[in-house]
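Worksheet: the structure to be examined is printed underneath.
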Amino acid sequence: MTTTCVILDIGGVLEITPETGWVQRWEERLELPMGTVNERMRDVWRAGSVGHISEHDVHWEVASRLGLDVHQLEAFMADLWTEYLGTPNAELIAYVRALQGRCRLAILSNSFVGAREREAALYHFDELVEQIVYSHEIGIEKPDPRAFEAACASLEVGPESCFFVDDVPANVEAARGAGMQAHLFEDNIGTITRIAAHLDAGPSTPARVPLG
């Protein structure tokens, strides 16, 4: 099996995740000043992204800090996950699926407690790639170099074998710093072209294309 690997981000890449304005709507509903929700919840959001808090405790903190009853809490969390999960980037997902057997495939995603179960149920990412490395499960977020090391370790390959795709410039630069080739996702056609060039070049020869 070839050691050529393609590693992708989820939000903004495999998922289309525009802002929905749900936080502002809740602030209006609860008659809170703009910015209050994230101010009160910032440490909880951070803890959830690196697995330092359980999903059950997230719910408890949200209800307690925002004064929500059971029904409000359910609606609040539903709105959070609606924006988080977005909609599938069907074209890119189909392209990646067609790569199965041609290269190694993985996901490296900054995430939140509960993401794996929901994304598996909705989008079957667990069937799309060999390995999924979530920040809330390893306790490390991109662009920390250790996140890229964890992705390589999950596939048992070196960074020189990997081509990484993300929509955040800092993460792309960090991947390059870790020894990977990397591409900034801006649209499907550019991304598919770059992945194809990387695979055609093979694992031992860098693709001779402009950095994107």
Side-chain angles (χ1 to χ4, degrees), residues 8-94 96 107-126 128 132-144 147 165-172 174 184-191:
L8 303 105
D9 178 41
I10 295 182
V13 178
L14 293 174
E15 293 171 356
I16 300 168
T17 54
E19 293 185 4
T20 63
W22 72 277
V23 171
Q24 292 76 17
R25 289 195 300 273
W26 273 98
E27 287 170 342
E28 292 172 3
R29 189 180 308 177
L30 299 172
E31 299 182 342
L32 296 172
M34 185 177 297
T36 299
V37 168
N38 285 329
E39 181 181 340
R40 293 183 184 178
M41 302 306 305
R42 184 173 291 109
D43 62 322
V44 174
W45 299 154
R46 170 63 182 164
S49 70
V50 290
H52 291 173
I53 190 172
S54 69
E55 192 172 359
H56 176 273
D57 287 342
V58 168
H59 292 182
W60 190 91
E61 293 290 349
V62 168
S64 175
R65 297 183 187 201
L66 299 179
L68 306 183
D69 62 29
V70 172
H71 299 294
Q72 288 175 316
L73 174 62
E74 182 178 352
F76 181 95
M77 294 306 300
D79 285 346
L80 181 154
W81 285 112
T82 294
E83 179 175 288
Y84 182 101
L85 296 167
T87 56
N89 185 345
E91 181 183 21
L92 185 59
I93 290 171
V96 173
I107 283 171
L108 174 61
S109 178
N110 288 352
S111 55
F112 196 74
V113 287
R116 179 180 288 273
E117 298 79 7
R118 288 170 172 84
E119 286 171 333
L122 275 177
Y123 304 135
H124 306 289
F125 290 148
D126 55 326
L128 182 69
I132 304 178
V133 179
Y134 283 112
S135 67
H136 76 274
E137 294 177 348
I138 65 171
I140 302 165
E141 286 188 301
K142 298 171 294 185
D144 189 315
V165 179
D166 201 291
D167 63 321
V168 176
N171 296 339
V172 171
L184 179 65
F185 178 88
E186 295 177 315
D187 55 52
N188 286 337
I189 188 169
T191 298

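- The two residues L32 and R40 come nearest to each other via the heavy atoms CD2-NH2, 3.9 Å.
- Atom CZ in F112 sits 8.0 Å away from atom CD in E55 (nearest 0.5 Å).
- At a threshold of 4.5 Å between non-hydrogen side-chain atoms, the residues W45 and L80 count as touching.
- Note: W81 and Y84 have perpendicular aromatic rings, judged against thresholds of 30 and 60 degrees for the angle between ring planes.
- Although no hydrogens or angles enter the test, the distance criterion places a donor-acceptor pair under 3.5 Å between the side chain of E27 and the main chain of G35.
- No donor-acceptor pair under 3.5 Å is formed between the side chain of E15 and the backbone N or O of G86.
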Assess whether side chain to side chain contact (heavy atoms under 4.5 Å, CB included) is satisfied between F125 and L8, documenting all intermediate values. CA-CA 11 Å; F125 290 148; L8 303 105; over 6 Å; no
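- The shortest distance between side-chain heavy atoms of N89 and F185 falls below 4.5 Å.
- The 12-atom threshold is exceeded at CD of E117, counting heavy atoms of other residues, nucleotides or ligands nearer than 6.0 Å.
- Residues L85 and L122 approach most closely at CD1-CD1, 3.5 Å, considering heavy atoms.
- Remark: N171 CG to E141 CD distance equals 9.5 Å, nearest 0.5 Å.
- Between the side chain of R116 and the backbone N or O of H136 there is no donor-acceptor pair closer than 3.5 Å.
- One finds the CE atom of M34 at 13.5 Å from the CD atom of E39 (value rounded to the nearest 0.5 Å).
- Distance check: L108 CG to I132 CD1 gives 11.0 Å after rounding to the nearest 0.5 Å.
- Looking at R65, its side chain never comes within 3.5 Å of a backbone N or O of V44 through a donor-acceptor pair.
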Run F76 and L30 through side chain to side chain contact (heavy atoms under 4.5 Å, CB included) and show every step you take. CA-CA 11 Å; F76 181 95; L30 299 172; 5.7 Å; no
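- Here the closest non-hydrogen pair linking Q72 and L68 is OE1-CA, 3.4 Å.
- For D9 and K142, the salt-bridge test passes: some basic side-chain N is under 4.0 Å from an acidic carboxylate O.
- Partner Y134 forms a side-chain contact (heavy atoms from CB on, under 4.5 Å) with one of I107, I10, V50 and no other, that one being I10.
- At least one cation-pi condition fails for R25 and W22: the charged atom is not both under 6.0 angstrom from the six-membered ring centre and inside a 45 degree cone around its axis.
- Between atom CD1 of residue I16 and atom CG of residue N188 there is a gap of 7.0 Å, rounded to the nearest 0.5 Å.
- Between L14 and I93, some side-chain heavy-atom pair lies under the 4.5 Å cut-off.
- A 4.5 Å side-chain heavy-atom check between M77 and L73 finds at least one atom pair inside the cut-off.
- Side-chain contact check for V113 versus V58: some heavy-atom pair is nearer than 4.5 Å.
- Of all heavy-atom pairs spanning P143 and A170, the tightest one is CB-O, 3.8 Å.
- Looking only at distances, a side-chain donor or acceptor of S135 sits under 3.5 Å from a matching main-chain atom of S49.
- Here CG of D187 is found 12.5 Å from CG of D167. Values are rounded to the nearest 0.5 Å.
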